[in-house]
Amino acid sequence: MPVDRPSVPDLHDRLAGLVAALERGLVERSHVVRLVLLAALAGEHTLLIGPPGTAKSELARRLHLAFRDGRYFERLLTRFSVPEELFGPLSIQALEQDRYERHTAGFLPDASIAFIDEVFKANSAILNALLTLLNEREFDNGAGRQRCPLISAIGATNEVPEDEVAEAFFDRFLLRVTVVPVSAEGFAALLGGDPSRAWQAPASVEALGADDLAALDAAAGQVALPAEVTAMFAELRAHLRAAQVYVSDRRWVKAARLLRIAAASEGRRAVSLWDLLLLPWCTAPDAPRQAALCDWLCARLGVREAFAPPRVTRIVEAFEAQLQAERNANDLDYDESGRLRFSATDLADEIGDAKGGAQALRLTHTRQRRYGPAHIGARTRQIDELVLRLDAYVAELDALRRDLADYRVRSLWPDAALAGRADESLAGTARVLADLRERIVDARTGFESLPRLPAGEGGEVPAPVAHEPLPAA
């Protein structure tokens with residue numbers, strides 16, 4: 001009996017409109033805009049790391065307008081900042097009644113979207129209060145706890161300090177995104193912008209309400225995590241562990257949910273393999289390690305380890321080496337009477353000495369080995385099976401590239417350049433395998449061309465050429 005699943009809301013068109021509105025007029029900030037919005041849809045927080053003047057605060061101000069009735073709070077912190085600046089002033093009336101409470105209306109505990117600039121410059125008292133608020137959406141106000149409507153917080157910093165409190169706070173941001181000044185290619189577009197032209201907020205019909213977020217959350221809970229995606233999560237975890245990058249179990253769970261939100265927001269019922277291209281910003285802590293992880297994912301996604309070019313190369317080389325050995329193999333040469341037949345041809349040129357002995361003819365009693373149909377048939381059948389598996393895998397790569405192309409057109413969230421690199425990796429793997437297929441087919445031709453036994457002699461079936469197993473695609 002089919003399982004009655006709730007329908008997945010297809011917010012794609014609305015989100016596409018929101019993305020277009022949020023990134024309008026911002027140069028080279030498209031990927032950052034999408035990551036910040038996706039984090040907000042997942043109810044997660046984003047840390048923007050970069051120098052001043054890179055549109056970090058502008059991103060946050062625009063983001064809150066993507067949410068209907070979203071209340072926005074923004075504060076620049078310094079080492080002199082006090083809790084009142086973020087959490088509201090103390091209530092005089094409550095103090096007169098021996099209660100220690102704050103007026104939080106209009107401050108961070110009352111906000112839907114918050115931007116906290118220079119977030120790590122806050123003192124430990126503020127950071128500790130922020131930890132609870134960001135993680136549990138609750139604020140300790142006097143003797144009670146106040147529930148906070150916070151959807152997402154965007155923190156900004158020039159650098160991440162290395163101390164215990166900062167590390168715990170750093171871990172609360174699921175996405176860590178480095179924001180850099182525009183490139184040389186984008187500089188002309190930056191100067192060409194008209195600052196006097198006011199940015200237009202998204203249309204109210206496009207803004208997301210609490211009902212949209214609740215439906216998205218429910219749908220994300222029904223999105224499947226396919227086995228191949230789970231396997232890649234495990235492989236990525238092992239890779240990061242080997243690189244001494246610690247990722248907490250909590251962060252892995254949150255990252256998986258972020259991918260489910262990405263899938264659900266586009267009406268998909270399963271996480272795609274290509275959604276994993278979002279993981280560098282969820283797992284690696286800084287730009288260099290994120291870049292290294294991007295390289296690893298681009299080279300690894302869609303490429304089956306069993307068909308990795310270095311592995312297939314070793315298999316092809318095993319056949320080529322076997323062919324060379326069989327071409328060079330000699331047998332004792334007997335005449336019709338059963339006596340060794342001597343010849344003055346074969347080895348003379350292979351022997352040399354300082355006195356010119358290489359020029360002298362020498363007798364030999366061997367001849368090039370000859371092979372029967374049983375031997376050659378065994379070799380060509382083994383290669384035919386290998387070629388069939390390679391062809392099936394190349395077809396699988398073609399299907400993956402078509403799937404990735406559809407994903408790049410449809411999905412709002414991946415970095416376009418990164419997805420392009422993943423496609424180029426698949427294409428490169430297909431090209432290498434095509435070259436290796438050509439080499440193994442040449443080896444097959446070589447086995448067919450081996451010297452033959454006289455007609456009527458079948459010969460012996462040889463042991464298969466030993467190589468690493470190549471599974472069916």
Using the ring pair (Phe, Tyr, Trp, His ring centres under 6.0 Å) rule, collect all pairs that involve residues 316-336, keeping only residues at least two apart or in two chains. Phe319-His467
If the threshold is 4.0 Å, N to carboxylate O, is there a salt bridge linking Glu468 and Arg314? yes
Do Asp442 and Arg439 meet the salt-bridge criterion of a basic N to acidic O distance under 4.0 Å? no
Would you check if Trp281 and Leu258 make a side-chain contact, meaning some heavy-atom pair closer than 4.5 Å? no
Before accepting this row, confirm whether a basic side-chain N of the pair Glu385/Arg381 lies closer than 4.0 Å to the acidic partner's carboxylate O. no
Taking the ring centre of each residue, are His31 and Trp413 less than 6.0 Å apart? no
Got a second to check how far Thr429's OG1 is from Arg304's CZ, nearest 0.5 Å? 13.0 Å
Value for CG (Leu426) from CZ (Arg402), rounded to nearest 0.5 Å, stands at 12.0 Å
Please lay out, stage by stage, how Leu134 and Phe169 fare under the test side-chain contact (heavy atoms from CB on, under 4.5 Å). CA-CA 9 Å; Leu134 296 187; Phe169 192 61; 3.6 Å; yes
Looking at Asp406 and Asp403, would you say the former's side chain and the latter's main chain have a donor-acceptor pair under 3.5 Å? no
May I ask you to say whether Asp217 pairs ionically with Arg260, meaning some side-chain N is under 4.0 Å from a carboxylate O? no
Ion pair Arg437/Asp391, N-O distance below 4.0 Å: yes
Sidechain N-carboxylate O distance under 4.0 Å for Glu23, Arg34: yes
Under 4.0 Å between a side-chain nitrogen and a carboxylate oxygen: does that hold for Arg250 and Asp171? yes
Would a 4.5 Å heavy-atom cut-off, applied to side chains only, mark Arg29 and Val179 as touching? yes
Does this structure show an ion pair linking Glu235 with Arg300, if we count only N-O contacts that are shorter than 4.0 Å? yes
Should the ring pair Phe170 and Phe120 be called parallel, tilted or perpendicular, given that the plane angle runs from 0 to 90° and is split at 30 and 60? tilted
His45 side-chain N/O to Ala153 backbone N/O, donor-acceptor pair under 3.5 Å: yes
Main-chain N/O of Ser272 paired to Asp275 side chain as donor or acceptor, under 3.5 Å: yes
Between the main-chain N or O of Lys56 and the side-chain N or O of Thr54, is there a donor-acceptor pair closer than 3.5 Å? no
Could you go through the side-chain contact (heavy atoms from CB on, under 4.5 Å) check for Leu450 and Arg327 one step at a time? CA-CA 7 Å; Leu450 287 172; Arg327 276 176 172 167; 3.7 Å; yes
Tell me whether the count of non-hydrogen atoms from other residues, nucleotides or ligands lying under 6.0 Å of CD in Glu457 goes above 12. yes
Which residues pass the salt bridge (Lys or Arg N to Asp or Glu O under 4.0 Å) test with Arg241, sequence neighbours left out? none
Test side-chain contact (heavy atoms from CB on, under 4.5 Å) applied to Leu277 and Asp415, step by step: CA-CA 8 Å; Leu277 293 172; Asp415 179 86; over 6 Å; no
Hey, are Arg401 and Asp423 close enough for a salt bridge, meaning a charged N less than 4.0 Å from a carboxylate O? yes
Measure the shortest side-chain to side-chain distance between Arg289 and Val245 over non-hydrogen atoms and say whether it is less than 4.5 angstrom. yes
With distance as the sole test, does Thr283 use its side chain to make a donor-acceptor pair with the main-chain N or O of Leu279 at under 3.5 Å? yes
Taking CD in Glu460 as the centre, count heavy atoms belonging to other residues, nucleotides or ligands within less than 6.0 Å. Is the count above 12? no
I'd like to know if the side chain of Gln290 and the backbone of Ala284 have a donor-acceptor N/O pair within less than 3.5 Å. yes
Can you find a heavy atom in the side chain of Arg311 that is under 4.5 Å from one in the side chain of Pro469? yes
Are Arg172 and Glu44 within salt-bridge range, i.e. N to O under 4.0 Å? no
Whether Arg176 side chain and Leu47 backbone form a donor-acceptor pair below 3.5 Å: no
Answer yes or no: is there a donor N or O on one side and an acceptor on the other, between the side chain of His12 and the main chain of Arg410, under 3.5 Å? yes
In Å, rounded to the nearest 0.5 Å, how long is the span from CG of Leu38 to OG of Ser265? 6.5 Å
Show your working on side-chain contact (heavy atoms from CB on, under 4.5 Å) between Thr46 and Leu35 and close with a plain yes or no. CA-CA 8 Å; Thr46 304; Leu35 288 178; 5.8 Å; no
Exactly one of Glu326, Glu320, Glu448 clears salt bridge (charged side-chain N to carboxylate O under 4.0 Å, His left out) with Arg379, and that residue is Glu326
